[in-house]
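Note sheet for the following structure.
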There are 2 protein chains.
Amino acid sequence: MNKDFILRLTKYKRLLYKLKALGFERVFSNNLGDAIGVTPALVRKDFSTLSLPGNKRGGYNVDTLIEKLDKILGRDRAQHVVVVGCGRIGTALMEYSGFNTDGIEIVAGFDAHPENVHNTSGVPIYGMDKLNEYVQENDTKVAIIAVPDSEASKVLDRLIDAGIRGILNFAPVELKCTRNDCPGSTTIHNVNIALELEHLFYQVNSQEAEEEEKHATGEETGAHPDGNT
Amino acid sequence: MNKDFILRLTKYKRLLYKLKALGFERVFSNNLGDAIGVTPALVRKDFSTLSLPGNKRGGYNVDTLIEKLDKILGRDRAQHVVVVGCGRIGTALMEYSGFNTDGIEIVAGFDAHPENVHNTSGVPIYGMDKLNEYVQENDTKVAIIAVPDSEASKVLDRLIDAGIRGILNFAPVELKCTRNDCPGSTTIHNVNIALELEHLFYQVNSQEAEEEEKHATGEETGAHPDGNT
DNA sequence: AAGTTAATGTGAACTATCGCACATATATAG
DNA sequence: CTATATATGTGCGATAGTTCACATTAACTT
């Protein structure tokens with residue numbers, strides 16, 4: 001399925017929880033659309049493809065949507081995550097408490113030198129040698145990679161061997177599965193902060209260039225700086 | 001312009017730097033395509049729309065591509081970033097040195113209580129009252145938000161007032177600009193880790209469901225295409 | 001109870017994106 | 001200098017994703 005589609009689903013779900021907390025019982029496709037920035041038609045189509053039932057006059061029932069979306073998004077199962085690499089970013093994530101409201105829990109950390117980790121999170125931290133055992137015993141499926149880029153590829157391999165199927169990679173390398181047995185069975189998401197920042201710089205620069213051009217359009221000098229648009 | 005398109009540009013650029021370091025002088029569209037996971041045709045089309053010149057026989061000149069891409073992506077200007085919120089995530093980002101290779105530099109941190117920040121990064125940390133002054137004096141255009149979600153919206157407002165035009169938001173709220181003066185002029189990227197994890201859980205769950213289904217369907221035929229490791 | 005209103009559900013039109021395939025141009029060989 | 005091999009540049013068709021528009025149906029009104 002499409003990436004954007006799934007992203008919308010999670011956004012719907014989060015919004016619905018907030019609406020429920022506010023006391024909403026019913027919600028309309030244009031409410032949801034406005035809030036997450038899509039057209040009402042797309043909201044309805046999304047729900048339609050998922051067979052999420054709405055009421056022809058009274059919109060959608062918040063509880064029903066939440067229940068079904070939770071099921072679709074797998075919240076009916078335990079959402080346990082392990083963190084590999086307990087440096088600054090790894091420990092920051094372990095300390096971060098915002099996951100709990102979404103049913104996500106970081107259950108363990110792993111590091112090559114667990115004795116050196118300054119851990120104030122309460123999450124147990126083990127040596128890398130315990131990774132395989134832990135993941136298999138606890139049937140963990142999702143992991144965060146927060147190791148230096150030089151280690152990332154090795155760690156990826158070990159995680160896949162251990163049985164991890166979903167990976168969120170913070171190392172500044174574009175990880176992808178190049179093995180024989182993973183196509184289709186393992187999902188990797190790369191969160192490349194440098195890439196995001198570069199993206200922003202591009203946007204900012206091009207917007208500024210656009211505005212300058214717009215300014216210049218007012219004055220008719222006749223000399224076009226550029227031919228094509 | 002399209003998000004995926006810009007993302008590809010940054011990937012091209014990064015790859016080209018690596019190739020240059022390896023001594024490459026020329027590169028072909030299929031090399032680039034293979035490496036970043038797209039078809040050669042798309043690479044050529046991308047370069048074509050950017051008027052990046054190639055040589056009909058000898059592919060593309062690495063140096064030329066890098067130079068032009070750097071310009072398009074704004075690397076000819078200073079790529080300075082400030083971090084607002086110096087908690088675990090904020091300080092982790094400030095300590096992270098991987099940005100430098102991309103010409104990105106975190107130049108300052110801001111926090112409501114700078115005296116409480118344990119700072120080992122060498123990046124100066126100021127109180128929030130200094131934000132406006134700093135951003136305007138140094139003409140900073142890009143900021144990272146790493147404050148709790150309850151503060152994120154307020155911080156966003158202050159950043160826009162100060163003149164920030166690109167924002168990378170780590171707070172677990174979907175920030176968007178609801179003001180009158182920002183449409184088109186400010187870009188916000190949300191890095192919602194919880195959302196990413198949920199996305200992963202969905203993928204993992206649906207893949208498992210698929211495999212179970214496949215198992216159930218294939219039980220009759222008995223033709224196991226794969227059952228290794 | 002019948003009419004009106006207001007939302008959904010969805011087939012069709014539209015749009016943007018991507019891949020194909022071939023014309024085009026250039027470096028190298030003979 | 002001519003021929004040939006090779007990689008670009010791009011019009012065109014395929015495809016996926018989104019929006020439109022309206023038929024449909026449930027709640028509210030009188």
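Order of the sequence lines sets the chain letters (A, B, ...), proteins ahead of strands, with each chain counted from 1. Worth saying up front: this structure is predicted, and the values here are computed from it rather than measured.
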Worksheet, complete the sentence: salt bridge (Lys or Arg N to Asp or Glu O under 4.0 Å) pairs touching residues 43-56 of chain B, sequence neighbours excluded, are B:Arg8-B:Asp46
Euclidean distance, atom [atom1] of residue [X] to atom [atom2] of [N] [Å, nearest integer]:
X: A:Asp34; N: C:dA7; atom1: CG; atom2: P; value: 13 Å
X: A:Asn31; N: C:dT8; atom1: CG; atom2: P; value: 8 Å
X: B:Asn2; N: D:dG17; atom1: CG; atom2: P; value: 13 Å
X: B:Phe47; N: C:dC18; atom1: CZ; atom2: P; value: 14 Å
X: A:Leu42; N: C:dT8; atom1: CG; atom2: P; value: 13 Å
X: A:Lys3; N: D:dA16; atom1: NZ; atom2: P; value: 18 Å
X: A:Leu65; N: C:dT8; atom1: CG; atom2: C1'; value: 12 Å
X: B:Leu32; N: D:dG9; atom1: CG; atom2: P; value: 12 Å

Worksheet item: Can you name the nearest heavy-atom pair linking A:Ala194 to B:Ile104, along with the distance?
Response: O-CD1, 3.7 Å
Worksheet item: the helix from C:dA1-D:dT30 to C:dG30-D:dC1: angle between its terminal axes, five pairs each, to 10°?
Response: 10°
By side-chain contact (heavy atoms from CB on, under 4.5 Å) - contacts of [X] (at least two apart):
X: B:Phe24; value: B:Leu19, B:Leu22, B:Val62
X: A:Phe47; value: A:Tyr12, A:Leu32, A:Val43, A:Leu52, A:Tyr60, A:Leu65
X: A:Ser48; value: none
X: B:Glu67; value: none

Worksheet entry | Touch class at under 4.0 angstrom, heavy-atom based, for B:Tyr60 against every strand present | sugar-phosphate
Discussion item. Regarding B:Lys141 and B:Asp139, does a basic nitrogen lie under 4.0 Å from an acidic carboxylate oxygen?
Written reply: yes
Item to complete: May I ask you to say whether B:Arg14 pairs ionically with B:Asp102, meaning some side-chain N is under 4.0 Å from a carboxylate O?
Response: yes
Fill in: ring-ring contact (aromatic ring centres under 6.0 Å, His included) involving A:His199 - partner list, sequence neighbours excluded
B:His189
Interface polar pairs with nucleotides 26-30 of chain D, N/O, under 3.5 angstrom:
| unit_1 | atom_1 | unit_2 | atom_2 | d |
| --- | --- | --- | --- | --- |
| D:dA26 | O3' | A:Asn55 | OD1 | 3.4 |
| D:dA27 | OP1 | A:Asn55 | ND2 | 3.2 |
| D:dA27 | N3 | A:Arg57 | NH1 | 2.5 |

Discussion item. Side-chain N or O of B:Ser29 versus OP1/OP2 of D:dA7: is the shortest distance under 4.0 Å?
Written reply: no
Worksheet entry | With A:Asp63 via side chain to side chain donor-acceptor pair (under 3.5 Å) - residues at least two apart | A:Lys20
Practice prompt. List in chain and number order the residues that pass side chain to side chain donor-acceptor pair (under 3.5 Å) with A:Glu95, two or more places apart in sequence or in another chain; answer none if no residue qualifies.
Written response: A:Thr120, B:Arg88
Worksheet entry | Residue whose nearest DNA chain D nucleotide is more 5′ - B:Pro40 or A:Arg8 | B:Pro40
Worksheet, complete the sentence: Taking for A:Phe28 and for B:Asp46 the nucleotide of DNA chain C with the nearest heavy atom, the one nearer the 5' end belongs to A:Phe28
Between the protein and nucleotides 20-22 of chain C, which nitrogen or oxygen pairs come in under 3.5 angstrom?
| unit_1 | atom_1 | unit_2 | atom_2 | d |
| --- | --- | --- | --- | --- |
| C:dA21 | N6 | B:Arg44 | NH2 | 3.1 |

Item to complete: Kindly write out the residues that satisfy salt bridge (charged side-chain N to carboxylate O under 4.0 Å, His left out) with B:Lys13, not counting sequence neighbours, or none if the list is empty.
Response: A:Glu198
